[in-house]
Amino acid sequence: MIHKDGYYWFLTYGFPDFQREEFEKTVNKKWKIKTVRVAGCVVTQELMDSVRSENKKTNLALQKRYGKNWKDLYDKDIQDYTMKQVDIMDVLITNKVFRKELAKHKIEIDNVDKDAEELGRPDFYKVNINKIYPENGIAFTVNVDLINRTVNLIK
């Protein structure tokens, strides 16, 4: 359904796929889609039918706006975004400045939690490296240039 906030809402229930949700957050902004969790794992048939009905309306609205193959295009955007995340991490883990910052903040290379935001062009990103334990928040921020394979420390 199209919500009054101008976004296409898909309703969901059950155990979330956290990794996919992370990727969808960024791609959903482009597509003006929101995923709204209406229940956990215990649901009734009535709720499942209601969710199916509402999501069908949303699907039809998206087809009207983007065409019948909108889902294929959306899935391609998810796949492209996923591959960009792999590319970003590939540049980061081979960079000495990045590794030095990780060590300074006591973050293990195999436990990097990051948020990447495209900056003006598809191969240039602002990447926040997050602290998870013992405190939450941003440990430091870098810019990553995928074409030149460079990393610049911001803070």
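Keep in mind the model is a prediction, meaning the values are calculated, not measured. What you see below is based on every heavy atom in this structure, not just the backbone, and it leaves out hydrogens, waters and symmetry mates.
- Looking at heavy atoms from C-beta onward, K126 lies in side-chain contact with T141 at the 4.5 angstrom threshold.
- Between the CE atom in M83 and the CD1 atom in I78 there is a gap of 14.0 Å [rounded to 0.5 Å].
- With salt bridges taken as basic N to acidic carboxylate O contacts below 4.0 Å, none links E117 and K29.
- For the 3.5 Å distance criterion, the side chains of Q63 and K71 fail to qualify, holding no donor opposite an acceptor.
- Nearest heavy-atom pair, G40 versus V43, reported as atom, atom and distance to 0.1 Å: O-CG1, 3.7 Å.
- Side chain of S50 to backbone of E46: no donor-acceptor contact under 3.5 angstrom is found.
- When hydrophobic side chains of Ile, Leu, Val, Met, Phe, Trp and Tyr are connected at separations under 4.5 Å, F98 ends up clustered with I88, M89, V91, L92, I93, V97, L102, I107, I109, V112, Y125, V127, I129, F140, V142, V144, L146, V151, L153.
- In the model, N130 has no side-chain atom that pairs as donor or acceptor with a side-chain atom of N136 under 3.5 Å.
- By the 4.0 Å N-to-carboxylate-O rule, R149 lies close enough to D90 to be salt-bridged with it.
- With contacts defined as side-chain heavy-atom distances shorter than 4.5 Å, the pair M48/Y13 qualifies.
- Residues meeting the side-chain contact (heavy atoms from CB on, under 4.5 Å) test with I33, sequence neighbours left out: Y8, F10, N28, W31, L62, W70, Y74.
- For the pair F124/N143, a side-chain contact is recorded, criterion being any heavy-atom separation below 4.5 Å from C-beta on.
- In plain terms, the two heavy atoms of R37 and G14 that are nearest each other are NH1-O, 3.2 Å.
- Here the CG-CD distance, from D72 to Q79, works out to 11.5 Å after rounding to the nearest 0.5 Å.
- Of all the heavy atoms in P16 and E21, the pair that sits closest is CB-OE2, 3.3 Å.
- Salt-bridge formation is detected for the pair D80/K76: a Lys NZ or Arg NE/NH1/NH2 atom is positioned less than 4.0 Å from an Asp or Glu carboxylate oxygen.
- The residues K34 and D5 are annotated as salt-bridged, a charged nitrogen and a carboxylate oxygen being separated by less than 4.0 angstrom.
- Using modelled atom types and a 3.5 Å distance limit, the side chains of Q45 and D49 yield a donor-acceptor pair.
- Annotation for A139 and K131: closest pair CB-CG, 3.4 Å, computed over non-hydrogen atoms.
- Looking at K84 and E118, their side chains never come closer than 4.5 Å, going by heavy atoms from C-beta outward.
- Rounding to the nearest 0.5 Å gives a distance of 11.5 Å between CD1 of I138 and NE2 of H105.
- With values rounded to the nearest 0.5 angstrom, K25 atom NZ is found 8.5 Å from Y81 atom OH.
- In summary, the side chains of N148 and D145 do present a donor paired with an acceptor at a separation below 3.5 Å, with no hydrogens or angles considered.
- The CG atom of N128 sits 10.0 Å away from atom CG of D113, with the distance rounded to the nearest 0.5 Å.
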